[in-house]
Amino acid sequence: MNPPKTDARRRHDPSVRGFASDNYAGVHPEVLAALALANGGHQVAYGEDVYTEHLQQVVRGHFGATAEAYPVFNGTGANVVALQAVTDRWGAVICAESAHINTDEGGAPEQVAGIKLLTVPTPDGKLTPELIDRQAFGFDDEHRAMPQVVSITQSTELGTVYTPDEIRAICDHAHAHGLTVHLDGSRLGNAAASLDVPMRAFTNAAGVDLLSLGGTKNGAMYGEAVVVINHERVRRMKHLRKTSMQLASKMRFVSVQLEALLAKDLWLRNARHANEMARRLAEGVRAVDGVEILHPVQSNAVFARLPHAVTERLQKRFRFYFWDEAAGDVRWMCAYDTSEDDVDAFVAAVKEEMASR
């Protein structure tokens with residue numbers, strides 16, 4: 001029997017846009033071009049290729065001379081590997097209740113890494129030294145998981161952004177307690193664009209020990225990295241990456257994407273545009289009677305509250321998610337390829353649906 005012929009053709013309408021996630025966006029053309037350049041011929045597997053080697057130079061330019069990048073497949077993998085590297089089997093991680101590691105990773109930190117998460121409610125998604133102290137106790141109590149790490153997210157799951165001074169205060173406070181600081185940076189570029197500062201200003205310069213560096217949400221096809229800054233606090237990263245099934249054999253295709261984003265200003269251009277579209281969206285719906293903007297729009301996310309029935313009708317026209325369905329809260333995300341026309345069409349749809357309540 002002859003094998004079936006392939007049927008490679010476009011199966012979606014590329015003009016369709018949604019506001020559900022920046023993960024919905026395609027691959028930036030410059031990243032695709034970089035992948036094509038890295039293709040062909042043979043390169044040593046498992047990270048001993050020239051692209052991964054050059055990525056180290058690029059990463060040090062952003063995060064300091066001690067920074068070392070460990071490319072991985074995805075954000076959950078980056079967080080799990082990073083947190084494993086800075087905790088003991090009896091260790092715990094202090095994080096915001098809304099943190100991605102707590103709400104959106106299927107329990108992977110607990111199930112895969114065996115880490116207890118000690119969560120703290122936050123009004124805006126941001127930890128403070130005072131909030132950290134709600135869980136930073138009982139270090140010698142064998143009946144309680146030992147706090148060893150503080151994990152913060154920049155930008156946060158609520159779209160808010162820590163200032164460099166806020167992160168520096170967290171790092172100083174955490175280090176005074178003997179705690180390591182991990183930063184989940186799946187949208188790190190959006191935070192830097194919002195603050196108009198280099199990424200180093202709120203990472204290595206502020207005292208962060210290691211971070212998860214995102215690429216997928218900012219124009220990559222796939223791939224993130226764990227960036228180790230303080231090697232004294234991090235153990236056996238390369239072994240943990242392998243045993244956590246995050247070691248790519250053809251790593252050059254992860255590394256070259258991160259290089260394409262970071263080597264020049266593509267990461268910043270993409271993030272600035274996504275942030276600008278979120279601000280345009282927020283301003284467009286803010287004046288609509290019955291729509292409430294819930295949090296400051298500081299990155300590429302807009303959180304809003306509107307009638308449940310209106311949301312359900314809007315979801316038939318544009319893809320987006322409830323954030324808290326019982327309260328009527330929704331999240332609208334903008335991406336590097338969201339256009340002004342996309343935003344204006346969505347704002348017009350919100351106005352139409354609200355008018356027909």
Side-chain angles (χ1 to χ4, degrees), residues 12-26 75 95-106 119-127 153-162 186-187 190-191 193-194 217 271 273-357:
H12 75 289
D13 181 352
S15 68
V16 171
R17 294 288 195 275
F19 293 87
S21 174
D22 35 12
N23 283 327
Y24 279 36
C95 64
E97 191 174 66
S98 58
H100 198 272
I101 58 174
N102 184 52
T103 62
D104 287 294
E105 295 187 347
T119 64
V120 182
T122 62
D124 57 1
K126 294 161 64 174
L127 288 176
T153 310
Q154 177 78 321
S155 56
T156 75
E157 285 74 19
L158 300 182
T160 51
V161 171
Y162 289 93
S186 65
R187 295 186 176 95
N190 298 95
S194 177
K217 292 178 172 63
H273 178 79
N275 290 358
E276 288 170 3
M277 292 303 98
R279 288 193 295 270
R280 185 183 184 93
L281 173 55
E283 289 306 310
V285 300
R286 199 183 299 275
V288 180
D289 183 43
V291 177
E292 178 185 359
I293 303 297
L294 299 174
H295 303 292
V297 180
Q298 297 176 339
S299 58
N300 62 323
V302 178
F303 289 81
R305 180 174 297 157
L306 60 164
H308 197 283
V310 171
T311 294
E312 290 186 324
R313 292 199 302 271
L314 277 170
Q315 286 177 323
K316 295 177 180 177
R317 302 172 64 175
F318 292 87
R319 185 75 181 250
F320 64 91
Y321 296 120
F322 276 105
W323 185 254
D324 181 344
E325 189 167 0
D329 300 350
V330 298
R331 185 189 75 166
W332 298 322
M333 297 297 302
C334 294
Y336 81 86
D337 63 348
T338 303
S339 70
E340 292 183 357
D341 288 345
D342 297 331
V343 171
D344 294 347
F346 184 68
V347 170
V350 172
K351 292 178 179 178
E352 290 172 12
E353 297 298 347
M354 289 297 292
S356 62
R357 280 180 289 174

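For clarity, every value in this text was computed on a predicted model and none was experimentally measured. In this chain, residues are counted from 1 in sequence order.
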Undergrad: Check step by step if side-chain contact (heavy atoms from CB on, under 4.5 Å) holds for L314 and L306.
TA: CA-CA 11 Å; L314 277 170; L306 60 164; 3.8 Å; yes
Undergrad: I'd like to know if R280 and D344 make a salt bridge, using a cut-off of under 4.0 Å between side-chain N and carboxylate O.
TA: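 Looking at R280 and D344, the cut-off is met.
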Undergrad: Quick one: does any side-chain atom of N300 pair with a main-chain N or O of A278 as donor and acceptor, under 3.5 Å?
TA: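 Not at all, since once roles are kept as given, no pair shorter than 3.5 Å links the two residues.
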Undergrad: Got a sec: does the CZ of R319 have more than 12 other heavy atoms crowding it under 6.0 Å?
TA: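 No, because the 6.0 Å sphere around CZ of R319 holds 12 heavy atoms or fewer from other groups.
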Undergrad: Applying side-chain contact (heavy atoms from CB on, under 4.5 Å), run through K217 and N23 and close with a yes or a no.
TA: CA-CA 5 Å; K217 292 178 172 63; N23 283 327; 3.3 Å; yes
Undergrad: Using ring-ring contact (aromatic ring centres under 6.0 Å, His included), reason through W332 and F318 one step at a time and then give a plain yes or no.
TA: CA-CA 10 Å; W332 298 322; F318 292 87; over 10 Å; no
Undergrad: Is there a side-chain contact (heavy atoms from CB on, under 4.5 Å) between E276 and E340 once you walk through the steps?
TA: CA-CA 9 Å; E276 288 170 3; E340 292 183 357; over 6 Å; no
Undergrad: How long is the gap from CZ on F346 to CZ on R317, to the nearest 0.5 Å?
TA: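 So the gap between those two atoms works out to 9.5 Å.
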Undergrad: How many angstroms lie between OG1 in T338 and CG in L281, if you round to the nearest 0.5 Å?
TA: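 Taking OG1 in T338 and CG in L281, the distance rounds to 9.0 Å.
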Undergrad: Could you report the tightest heavy-atom contact between A274 and C334, atom names first, then the distance?
TA: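 Result for this residue pair: O-CB, 3.5 Å.
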Undergrad: Once rounded to the nearest 0.5 Å, what's the spacing between atom OH of Y162 and atom CG of L127?
TA: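 The OH atom of Y162 sits 4.0 Å away from the CG atom of L127.
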Undergrad: If you look at every heavy atom in V161 and K126, which pair is closest and at what distance?
TA: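 Distance-wise, the nearest heavy atoms are O-NZ, 3.2 Å.
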Undergrad: Checking the side chain of T160 only, and the main-chain atoms of T156 only, is there a donor and an acceptor separated by less than 3.5 Å?
TA: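 Side chain of T160 to backbone of T156: no pair is present.
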Undergrad: Tell me the closest heavy-atom pair linking P123 and L158, and the distance in Å.
TA: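 Smallest heavy-atom distance, with atoms named: O-CD1, 4.1 Å.
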Undergrad: Can you tell me how far apart CD (Q154) and OG (S186) are? Round to the nearest 0.5 Å.
TA: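 Going from CD on Q154 over to OG on S186, the span is 10.5 Å.
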Undergrad: Just how far is it from atom CD of Q315 to atom CZ of F322, taken to the nearest 0.5 Å?
TA: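 The CD atom of Q315 sits 5.0 Å away from the CZ atom of F322.
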Undergrad: When rounded to the nearest 0.5 angstrom, what is the spacing between OG1 in T311 and CH2 in W323?
TA: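 Spacing of OG1 (T311) from CH2 (W323) equals 15.0 Å.
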Undergrad: Please check: side-chain N/O of S98 versus main-chain N/O of E157, any donor-acceptor pairing under 3.5 Å?
TA: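 Flag not set: sc S98 to bb E157 has no pair under 3.5 Å.
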Undergrad: Any luck finding a side-chain donor-acceptor pair between S15 and D13 under 3.5 Å?
TA: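 D13 and S15 do have a side-chain donor-acceptor pair below 3.5 Å.
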Undergrad: Of the non-hydrogen atoms in M333 and D22, which two are nearest, and what is the gap between them?
TA: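 Scanning both residues, the minimum pair turns out to be CE-OD2, 3.7 Å.
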Undergrad: Test your reading of the model: is there a side-chain donor-acceptor pair from R187 to the backbone of S299, 3.5 Å cut-off?
TA: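 No; zero donor-acceptor contacts below 3.5 Å.
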Undergrad: If every non-hydrogen atom of D337 is compared with every non-hydrogen atom of A25, which pair is closest and at what distance?
TA: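 So the two residues come closest at OD1-CB, 3.4 Å.
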Undergrad: Considering all heavy atoms of both residues, which atom of G26 and which atom of Y336 are nearest to each other, and what is their separation?
TA: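 Between these two residues, the closest heavy atoms are O-OH, 3.1 Å.
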Undergrad: Is it the case that the side chain of T122 and the backbone of G125 share a donor-acceptor pair, with hydrogens and angles ignored and the cut-off at 3.5 Å?
TA: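 Judged by distance alone, yes, a pair lies under 3.5 Å.
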